[in-house]
Amino acid sequence: MKYDPQDIEPRWQAHWAQQRTFAAPNPGDDGFDDAKPRFYVLDMFPYPSGVGLHVGHPVGYIATDIAARYQRMRGYNVLHPMGFDAFGLPAEQYAVETGVHPRETTRRNIDNMVGQLKRLGLGYDWDRRFSTTDTDYYKWTQWIFLQLYNSWFDPWRDAARPIDELEQLLEAGDLDVGFDGELIDPGAMSGFEPIAGNAPGTRRWQELAPDQQRRLIDEYRLAYLAEVDVNWCPALGTVLANEEVTADGRSERGNHPVHQRPLRQWMLRITAYAERLIDDLDIVDWPEPIKLMQRNWIGRSEGAHVEFPLDAPTPGDEPDAVGVFTTRPDTLFGATYMVLAPEHPLVRVITTAVQRQAVDRYVRDADRRSELERQNEARDKTGVFTGAHAVNPVNDDRIPIWIADYVMMGYGTGAIMAVPAHDHRDFDFARKFGLPIRAVVEPTDDWLRDHRADLPEDAPDALRSAYHADAGRFDEAYTGPGRNVNSANDEISLDGETTDDAKRSITDWLHRKGLGEGQTQYKLRDWLFSRQRYWGEPFPILHGPDGEIVALDESDLAVELPEMTDFAPEPTDDPNAPPRPPLARAPESWRIVERDGVRYERELNTMPQWAGSCWYYLRFCDPHNTERFVSEQAEQYWMAGAMSNEDDDHGRTSRNWLEPAPSGGVDLYVGGVEHAVLHLLYARFWHKVLYDLGHVSTPEPFGRLFNQGYIQAYCYRDARGIVVPADEVVDQDGKPAMDVQDQPNRRFSHNGQPVTQEYGKMGKSLKNAVNPDDIGARFGTDTLRLYLMYMGPLEASKPWNTRDIVGVHRFLNRVWRNLVDEDTGDTLVTDDHPSADLERNVHRTIQRVTRQMESLGFNVAIAAMIELNNELVAMDRVPRLAAETLVRLLAPFAPHLAEELWQRLGHAPSVADADWPDYDETMLVEERIELPVQVNGKLRGRITVPADADDDAIEAAARGDAKVADELVGKTVRKVIVVKGKLINIVAQ
RNA sequence: GCCGGUGUGGCGGAAUUGGCAGACGCGACGGAUUCAAAAUCCGUUGGGGCUAAACACCCCGUGUGGGUUCGACUCCCACCACCGGCACCA
């Protein structure tokens, strides 16, 4: 009776399925135990691709499975579900090529993938499985869209509210409307000083025409239609995400030209949440690098808005000042020119007749190049003078206004004040066009010396006066902090102030003078939410004959995708023709909705793939609910986290990933880093809206996040640089390359042709994917699981080495042979009491493994189990304590083998329900311990002393050691350091 | 360019967070078992020196160079290499 995973594994998988071992009851369900603590552990659910999984994919799934099984054994109610994010391009592309409906492809791929996941022995609650493409699911995705559409963001409360309440506030006069459409709280008007150039004043809601009222309301919705610049690919007939456009402005698929064009698209007002999305990163327990990536992506900058009056009058309603945002208001006295983005609306207003031709040409050129192109071009500065001037409000200097494409319309006001002395970009530009460079911040002496260019002086004072006279003689801009100089007018002087103080002083002054005010800017843009695709969620929106937008009622949901056979996007050669999404060809019975005799057309775009993944973690709490997207009870139960107000973990060096999340939300969310700023940001945004509207109970969706590393693998290229299949490569002895990769002096070949070895992420494109089913067939799934966890730390990327698998396979074999007689099949267990040494080791192993579980240090936990098992090898019969402990420790990692042994040890299934073993602290102490002895920090000997020996006794024992005594001959002992239980160090001269 | 991460034997990695560097596994070498092989079991395995050999002993060693400390893979400073993110964001 040898260890035979091919027999054991399918049997226990069938057992778990029949017994519904991993089904998690909700509060109120049969079998629900309210006394237990709860834990929600979740994987980033996959897109069900046609090629199936390779061994890199399930690393995270196996890790969460181990965590979930461990938590169950520790007595938690564990929610551990799996589903599929199945809308998206690949199924649609496949449909275009083959005519097979995406629904069919998706169903097939999901079935295939579920089979693979089950063969990995993953203990999911499969009763909760769904796909984002299920009508029952996307009905609620549409419902959440309606929540967004029917809400506005109240800046005073810093939260979303129902849109009706905005109308009520305006109706009641609690809010007025500014001339730019901004909302104004009349109660807060006192002390308001209008910024120069803006027409002050407000209008009452009642003064607006009904049409104006409707448009105003629409402008405040969290989901809104707007004309935005998109990447439009005429040949493919669709907009593309930035990620789908290559650096040279062509489509990744098909290499067709792509250009920017304005299109009316659905947008989501994620920018309203910029501040909360940054601030609340402080309450979640995520890896710092991921938090940082989100912070950088959202891009908060503190600074000031400053108005620069134009020096010549402008016609009609046109503004007579240029507003800029700056993070360095302290350098305002050094602003020697201004730059507008080429698209800035003021350009056509202020350009003088003399400059018009040059400006027009520049604007046209800039327009033709996509934003992407502009960003990727060499940083050589270009620009044109408009002929117009503005006035620097602090010193009344008349400064020229240029246009240049290094200023982006999409950030701030699309215009900047240029301070060439203290900004690299402005410095380059000023140098190139001969604009003045005025120093207003004092650099350090070192900086002056390092950047003096060809100045002969080297005395600090001489350099300093040269810098004050003309900062352009130095070789770059000084962008660091320092004390201000040259910064005074009749009313205010910043001279001598530090950068931080100067920022505050000048901002106060600007505010008092009505010239500007402190401002916070974000890089984050609103989220473009329309796609010209078939395989996505339809919008619950109708368009009326006069262009009015009608949102459907909840009772109209779901808006199902119409049956179609042709999913191809419509190519168009006319860059100005409006795109016709595939749904434009849907049957009229779907497309047209008649209400009260009026013909409405459905919105023909669909939602982007991210929509479904923005809330799936909520649906898992209550996946079959037909009344709500999730019941309040289920949501409050599973998403509660620890919700403690306990102190943060300052000073804690290693975290416990398996405690309920302090902020609430999913307790442990595991996935790759690639979603750091996309899915993870979008989902947080949706969650916060649902939170504001009272639909969920926690401010954050994912309390704890863990990023697992990638599996890498060698790949091979032939002489032409073409990748060849890695499993066909052999070395000079004809051995498969995969078995000898790291042995020195190997030469590899493919079909007799020499190939070179490289290293990269495992996947289809490098032809180095390893199928988990193949490894399972050779070694068993338990071995594969164990190997993937044993390779190294979970968060690290690490190389796949087929050769190494035998190590853990031998371990499992040895466990089997230690406990089962291979001839008779009897268990080799004795009820005799274990030796004191073995007993202590059992307890020590429990301690080591348990500690490693908390830090997800599975590789080290496995090493501890191997050590314990190695001790059992020499025994004829293993004491029951050791056997049962080992089996239970192993259960989360190699669940099939553990189930089999647990049963053979005389227990009823399932070991998944067994208790995690406890260890006894008192069992861990040894009577005598060995201590290393150092002399002057170098190891010179070892002593064995009673564990409770005091410092003097230890020192005496150390001096008694022959080698130590030798070392000390002729030396005077200066100091003796005894570290309890660790070592003793004697300092002598 | 800016930001972040990682550097430990032939390979994957460990080190109770400032206390015996290299746990555990792979590979390699030697041996046992076997007609033989596979499988299994036992032993050795960071580099160098000394030694006929073993034991013992000595020196060096965690990317590089400095520093703090009785003591540094761990802390500080400077640098190098690789990986990742952002990239004219004012």
Side-chain angles (χ1 to χ4, degrees), chain A residues 2 287-293 295-297 299 301 303 324-328 331 339 374-377 379-381 404-408 410-419 422-426 428-429 521-525 653-654 673-674 676-677 710 712 739-745 786-787 790-793 795-808 810-811 813-814 817 822 847-848 851 857 859-867 870 873-874 930-939 941-942 963 974-988:
Chain A
K2 289 194 186 287
E288 275 311 315
I290 299 291
K291 288 189 183 184
L292 203 62
M293 278 165 75
R295 284 195 191 100
N296 291 341
W297 185 264
S301 296
V324 303
F325 171 74
T326 175
T327 55
R328 294 294 301 272
T331 63
V339 186
R374 266 161 66 176
Q375 283 170 6
N376 281 292
E377 271 167 10
R379 259 145 235 233
D380 220 15
K381 295 282 184 290
D405 63 7
Y406 81 92
V407 174
M408 308 286 145
Y411 183 77
T413 62
I416 61 157
M417 67 176 210
V419 185
H422 304 295
D423 180 280
H424 288 304
R425 296 150 299 182
D426 299 345
D428 294 347
F429 193 83
Q521 272 291 334
Y522 297 91
K523 276 198 274 187
L524 189 67
R525 296 297 137 75
T653 47
S654 69
V673 273
E674 66 271 19
V677 290
Y710 296 114
Q712 300 173 298
D739 292 343
V740 294
Q741 277 143 350
D742 289 316
Q743 292 174 28
N745 305 321
L786 217 55
Y787 172 63
Y790 188 59
M791 292 170 77
E795 66 275 18
S797 290
K798 44 217 174 244
W800 174 264
N801 245 324
T802 304
R803 194 190 61 192
D804 288 348
I805 296 175
V806 288
V808 284
R810 282 176 192 153
F811 163 55
N813 256 305
R814 227 170 281 157
R817 283 200 315 270
E822 290 196 290
Q847 184 198 41
R848 287 170 72 188
R851 281 192 182 160
N859 54 330
V860 191
I862 294 168
M865 290 187 261
I866 292 176
E867 284 185 64
N870 284 347
V873 166
E930 196 184 63
L931 283 188
V933 183
Q934 295 182 344
V935 178
N936 293 330
K938 295 203 177 192
L939 183 67
R942 276 165 216 291
K963 271 170 282 176
R974 305 278 178 205
K975 197 173 175 185
V976 176
I977 292 136
V978 177
V979 185
K980 269 274 184 298
K982 296 277 191 213
L983 100 183
I984 166 168
N985 188 14
I986 301 172
V987 186

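Residue numbers start from 1 in every chain, and the chains themselves are labelled A, B, ... in the order their sequence lines are given, proteins ahead of strands.
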(Q) With a 4.0 Å limit, can you tell me whether A:R851 has a side-chain N or O closer than that to the phosphate oxygens OP1/OP2 of B:U17? (A) no

Q) Considering all heavy atoms of both residues, which atom of A:A676 and which atom of A:M293 are nearest to each other, and what is their separation? A) CB-CE, 3.5 Å

Q: Considering non-hydrogen atoms only, spot the tightest contact between A:E822 and A:R817 and give its length.
A: OE1-CD, 2.9 Å

Q: Map A:T413 and A:K975 onto RNA chain B by nearest heavy atom, then report which one ends up closer to the 5' terminus.
A: A:K975

Q | A:T326 side-chain proximity, nearest of B:C88, B:A90, B:G19 | A | B:A90

Q) A:V860 has a side chain; which of B:A15, B:C70, B:G19 sits nearest to it? A) B:A15

Q: Could you tell me whether A:K381 sits above the aromatic face of A:Y406, with NZ or CZ closer than 6.0 angstrom to the six-membered ring centre and within 45 degrees of the axis?
A: yes

**Q.** From B:G4, B:G12, B:C20, nucleotide with atom closest to A:P932 side chain
**A.** B:C20

Q) At under 4.0 Å between heavy atoms, what does A:L983 touch on the DNA or RNA strands: base, sugar-phosphate, or nothing? A) base

Q.
Taking A:G410's backbone N and O only, do any of them form a donor-acceptor pair with A:R525's side chain (distance below 3.5 Å, no angle check)?
A. yes

Q: Report the glycosidic orientation of B:U17: syn if within 90° of 0, anti in every other case.
A: syn

(Q) Any side-chain N or O of A:R814 below 4.0 angstrom from OP1/OP2 of B:C41? (A) yes

Q: Compare the minimum distances between each of B:G71, B:G12, B:A90 and the side chain of A:I416, then state the nucleotide with the smallest one.
A: B:A90

(Q) Rounding to an integer number of angstrom, what distance separates B:G65 and B:A53 when you compare their C1' atoms? (A) 41 Å

Q) So what is the 5' to 3' dot-bracket string for RNA chain B, if pairs are Watson-Crick or G-U wobble with both distances under 3.5 Å, crossing pairs use [ ] and | means the partner sits on another strand? A) (((((((..(((......[....)))((((((.......))))))((((.......))))..(((((..]....))))))))))))....

Q. Of the nucleotides B:G27, B:G4, B:G25, which one has an atom closest to the side chain of A:R803?
A. B:G27

Q: Please determine which of A:T331, A:D426, A:D423 meets the side-chain contact (heavy atoms from CB on, under 4.5 Å) test together with A:M417.
A: A:T331

Q | Toward the 5' end of RNA chain B, by each residue's nearest nucleotide, A:P793 or A:E930 | A | A:P793

Q: Using a 4.0 Å heavy-atom cut-off across all strands, classify A:V979 as base, sugar-phosphate, or nothing.
A: base

Q.
Base, sugar-phosphate or nothing for A:R817? Non-hydrogen atoms, less than 4.0 Å.
A. sugar-phosphate

Q: Pick base, sugar-phosphate or nothing for A:R942, based on heavy-atom distances below 4.0 Å to the nucleic acid.
A: base

Q: Give a yes/no answer on whether the side chain of A:Y411 brings an N or O atom under 4.0 Å of OP1 or OP2 in B:A90.
A: yes

Q. Could you give the CZ-to-P distance, from A:F325 to B:A90, as a whole number of Å?
A. 6 Å

Q: Using a heavy-atom cut-off of under 4.0 Å over every strand shown, decide if A:I866 touches base, sugar-phosphate, or nothing.
A: sugar-phosphate

Q. Considering all heavy atoms of both residues, which atom of A:K523 and which atom of A:N296 are nearest to each other, and what is their separation?
A. CE-O, 3.5 Å

Q. Across the strands shown, which category fits A:K798 at heavy-atom distances under 4.0 angstrom: base, sugar-phosphate, nothing?
A. sugar-phosphate

Q) NA contact type, A:E867, heavy-atom cut-off 4.0 Å: base, sugar-phosphate, or nothing? A) sugar-phosphate

Q: Side chain of A:K523 only, please: which of B:C42, B:C86, B:G13 is the nearest?
A: B:C86

Q: Under the ring pair (Phe, Tyr, Trp, His ring centres under 6.0 Å) rule, collect the residues that match up with A:F325, sequence neighbours excluded.
A: none

**Q.** Separation of the C1' atoms in B:G13 and B:G7, to the nearest angstrom
**A.** 13 Å

Q: Establish, with yes or no, whether the OP1 or OP2 oxygen of B:A90 is under 4.0 angstrom from a side-chain nitrogen or oxygen of A:S301.
A: yes

Q | Contact summary for A:P932 and A:L939, nearest pair of heavy atoms | A | CB-CD1, 3.6 Å

Q | Interatomic distance where CG belongs to A:D804 and C1' belongs to B:A28 [whole Å] | A | 14 Å

Q. Side chain of A:R810: nearest nucleotide among B:A90, B:C88, B:G27?
A. B:G27

Q.
Using atom C1' in both nucleotides, what's the gap between B:U33 and B:G43 to the nearest angstrom?
A. 15 Å

Q: Looking at every strand, decide which applies to A:N859 at a 4.0 Å heavy-atom threshold: base, sugar-phosphate, or nothing.
A: sugar-phosphate

Q: Please work out if A:D426 contacts a base, only the sugar-phosphate, or nothing of the nucleic acid, heavy-atom cut-off 4.0 Å.
A: nothing

(Q) Distance check, P atoms only: B:G10 and B:G47, in whole angstrom units. (A) 7 Å

(Q) Looking only at the side chain of A:P799 (C-beta and beyond, no hydrogens), which of the listed nucleotides B:G25, B:G13, B:G19 gets closest? (A) B:G13

Q) Within the pair A:N296 and B:C2, is there a side-chain N or O less than 4.0 Å away from OP1 or OP2? A) no

Q) For atom P, what is the distance between B:A81 and B:G71, given to the nearest Å? A) 32 Å

Q | Closest nucleotide among B:G85, B:A90, B:C20 to the A:L939 side chain | A | B:C20

Q.
In whole Å, measure the gap between the C1' atoms of B:U45 and B:A39 for me.
A. 23 Å

Q | Among B:A90, B:G19, B:G13, the nucleotide that comes nearest once only the side chain of A:V407 is considered | A | B:A90

Q: Determine the Euclidean distance between corresponding C1' atoms of B:G22 and B:A15; express it in Å to zero decimal places.
A: 9 Å

Q.
Which heavy atom of A:I416 sits nearest to which heavy atom of A:V324, and what is that distance?
A. C-CG1, 3.6 Å

Q) Is the glycosidic torsion of B:G9 within 90° of 0, making it syn, or is it anti? A) syn

Q) B:G18 P sits how many Å from A:I984 CD1, rounded? A) 22 Å

Q. Taking only N and O in the side chain of A:K381, is any of them less than 4.0 Å away from OP1 or OP2 of B:C88?
A. no

Q. Taking all non-hydrogen atoms of both residues, which atom of A:T327 and which atom of A:S301 are closest, and how far apart?
A. CG2-CB, 3.8 Å

Q: Give a yes or no answer on whether the side chain of A:D428 reaches the backbone of A:D380 with a donor-acceptor pair at less than 3.5 Å.
A: no

Q | Between B:U64 and B:U8 - C1' atom distance, rounded Å | A | 15 Å

